[in-house]
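Note that this is a predicted model, so its numbers are computed, not measured. Remember, it's 1-based here, ligands and their atoms both numbered in the order they're listed.
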Amino acid sequence: MSQPLLLQRSFFQSGATLPYQKRIDALNRLHHAIRQHEPQLLQALQSDLGKSATEAYMCEVGLALSDISYVRRHLKRWMKPHYRRTPLANFPAHSQIISNPYGVVLIMAPWNYPFLLTISPLVGALAAGNCCVLKPSELSPATATVLTTLIAETFPPEYVSVVNGGIEESQALLELDFDYIFYTGGVQVGKIVMEKASKHLTPVTLELGGKSPAIVTADANLRLSARRIVFGKYLNAGQTCVAPDYVLCQKEVHQEFLQMLKEEIRNLYGEHPLDNPDYGKIINRRHFDRLCRLINSAKVVVGGESQPEALRIAPTVLDNVSADDPIMQEEIFGPLLPILVVNNTNEAFRFVQSRPHPLALYLFTQNSKVERKFMTELQFGGGCVNDTISHLAAHNLPFGGVGNSGMGAYHGKNSFLTFTHQKAIVKRGLWLDPALRYLPYTPTKNQLIKKFLQ
Ligand code: NAD
């Protein structure tokens with residue numbers, strides 16, 4: 001298992017990944033390879049998750065391509081050393097920050113966006129000049145197979161390689177002393193990753209999940225709120241880390257909002273969503289059974305039907321759910337949307353505040369005071385006002401969690417920074433060497449030092 005790491009460490013130490021042109025070549029090759037393998041990728045995503053070709057391109061293949069294009073446009077500027085002002089005490093000198101890659105990084109990906117969440121961190125790692133070992137999820141095997149071929153055809157193993165396998169292989173990789181670990185997945189495994197990384201003091205990014213709320217206030221545009229929540233919730237059959245997990249709806253608009261949710265589910269997925277070829281499936285039987293157990297039929301107001309043989313569950317809404325219901329005790333990660341009624345926005349605020357920090361928060365309101373309070377005072381990874389999910393597709397915004405939903409962030413320049421050590425360098429001039437800091441110390445030096453440092 002240590003073979004890929006040793007190979008890559010020696011390749012990295014040869015300096016082969018460092019020049020700007022080498023990094024651009026790597027990104028160009030990756031872009032080209034993704035284009036070449038597009039039909040196989042779309043087919044694999046259909047096979048693993050029932051994704052339609054449009055959804056698979058929009059949410060995985062296309063986003064990965066546009067990630068690469070964005071990084072290629074900006075990389076030259078990001079790589080340049082940044083000069084900073086030098087404090088008087090260091091005069092004469094130049095101060096600068098040099099962006100250095102960490103070395104050999106491990107990227108562990110989950111099954112729900114199995115292509116994007118492997119390639120997107122890889123783009124940042126290559127742009128920053130690293131070598132990379134990829135560990136795709138074993139639960140999305142068709143995509144893992146195409147990824148393995150794509151990477152093997154595009155990069156020598158000493159630059160980028162793929163390790164396939166399950167928990168045993170993941171744990172064996174985590175025993176090794178990588179220079180950086182980038183993990184996307186659930187909270188429990190995130191804790192294992194961090195514990196293992198601590199043995200070698202390996203820095204980590206943890207892109208985790210959690211229960212992300214959508215809050216609908218009394219003055220919200222209910223039609224758009226319903227449509228955008230339906231889009232964010234049922235995309236990939238609810239298996240999206242930033243999907244709205246549950247809705248906190250203000251009681252004055254509860255019935256009207258519910259009606260609009262029903263209409264928008266019909267508008268987007270038709271009368272019989274289970275027959276809609278554009279609607280996804282649950283990843284495996286274990287998750288299907290787990291989700292079915294969370295459906296309390298007494299509370300179902302939309303959907304509830306399923307096709308066990310096809311692993312499909314209709315877009316489902318459960319109404320009048322309480323915080324004690326089983327569905328509120330874990331991240332749902334499926335097409336079930338519980339609605340909890342709140343009396344006012346303060347109650348919604350306290351509800352979110354009293355729970356672990358979510359990865360995303362979506363606020364539907366037209367009240368700027370409420371918006372300011374929720375956006376500035378609550379802790380969560382990121383989110384939207386009057387939309388769901390779209391913050392994830394913005395290259396200029398960092399994407400990541402806080403507290404229970406993770407640590408670190410990537411996308412755009414943040415991907416480059418994540419895989420880069422910012423090295424501080426002071427270059428002293430030789431023409432002057434003030435005696436101030438040198439012994440012997442005198443009362444005058446003491447006075448001057450106190451003047452400088454206050
Ligand atoms: P998963 O089970 O595929 O696991 C992810 C990776 O961890 C895989 O490579 C797997 O081999 C490895 N792994 C699994 N169990 C392990 C163990 N015991 N020890 C070591 N390695 C192990 O994916 P998952 O965890 O089911 O993914 C779903 C979760 O990921 C959800 O909670 C979701 O919210 C979160 N997620 C977060 C983001 C984000 O960007 N923040 C994106 C997607 C998914």
| query | Nearest protein heavy-atom contact for atom 24 (P) of ligand 1: which residue, which atom, what distance? | reply | Trp111 NE1, 3.7 Å
| query | What protein heavy atom sits nearest atom 42 (C) of ligand 1, and how far off is it? | reply | Cys241 SG, 3.1 Å
| said: Any nitrogen or oxygen of Asn112, side chain or backbone, less than 3.5 Å from one on ligand 1? | reply: no
| message | Can you report which non-hydrogen protein atom sits closest to atom 4 (O) of ligand 1, along with the distance? | response | Tyr183 OH, 4.3 Å
| field | Tyr362 and Phe380 aromatic centres sub-6.0 Å | value | no
| message | Taking Glu330 first and then Arg290, would you say they form a salt bridge - that is, a charged N and a carboxylate O separated by under 4.0 Å? | response | yes
| request: Tell me which one of Gln171, Lys191, His287 gets a heavy atom nearest to atom 19 (N) of ligand 1. | output: Gln171
| task | Quick one: look up the protein heavy atom nearest atom 12 (C) of ligand 1 and list residue, atom name and how far away it is. | result | Ser170 OG, 3.6 Å
| task | Indicate yes or no: does an N/O atom of Thr184 lie under 3.5 Å from an N/O atom of ligand 1? | result | no
| Closest protein heavy atom to atom 10 (C) of ligand 1, given as residue, atom name and distance to 0.1 Å | Glu138 OE1, 3.4 Å
| task | Examine Tyr70 together with His395 and report whether their ring centres are nearer than 6.0 Å. | result | yes
| message | Quick check on Phe399 - does any of its heavy atoms sit under 4.0 Å from an atom of ligand 1? | response | yes
| Over-ring placement of Arg227 relative to Phe231, 6.0 Å and 45° cut-offs | no
| task | Over 60° means perpendicular and under 30° means parallel, so classify the ring planes of Tyr102 and Tyr180, tilted if in between. | result | tilted
| query | What part of Thr240, side chain from CB on, backbone N/CA/C/O, both or neither, has a heavy atom under 4.0 Å from ligand 1? | reply | neither
| request: Answer yes or no for Ala109: is there a heavy-atom contact with ligand 1 below 4.0 Å? | output: yes
| query | To the nearest 0.5 Å, what is the distance between OG1 (Thr143) and CG (Leu49)? | reply | 7.0 Å
| Pair Glu347 + Arg350, salt bridge at N-O below 4.0 Å | no
| Polar-atom distance check: Gly185 versus ligand 1, any N or O pair below 3.5 Å? | yes
| message | Looking at non-hydrogen atoms alone, which of Gly209, Gly186, Ala243 comes nearest to atom 29 (C) of ligand 1? | response | Gly186
| Met108-ligand 1 polar pair, N/O distance under 3.5 Å | no
| task | Give the residue and atom name of whichever protein heavy atom lies nearest to atom 22 (C) of ligand 1, and the separation in Å to one decimal. | result | Val189 CG1, 3.4 Å
| request: Given ring pair (Phe, Tyr, Trp, His ring centres under 6.0 Å), test Phe182 with Phe419 step by step and report yes or no. | output: CA-CA 9 Å; Phe182 188 103; Phe419 291 104; 5.6 Å; yes
| message | Under 4.0 Å between a side-chain nitrogen and a carboxylate oxygen: does that hold for Glu175 and Lys199? | response | yes
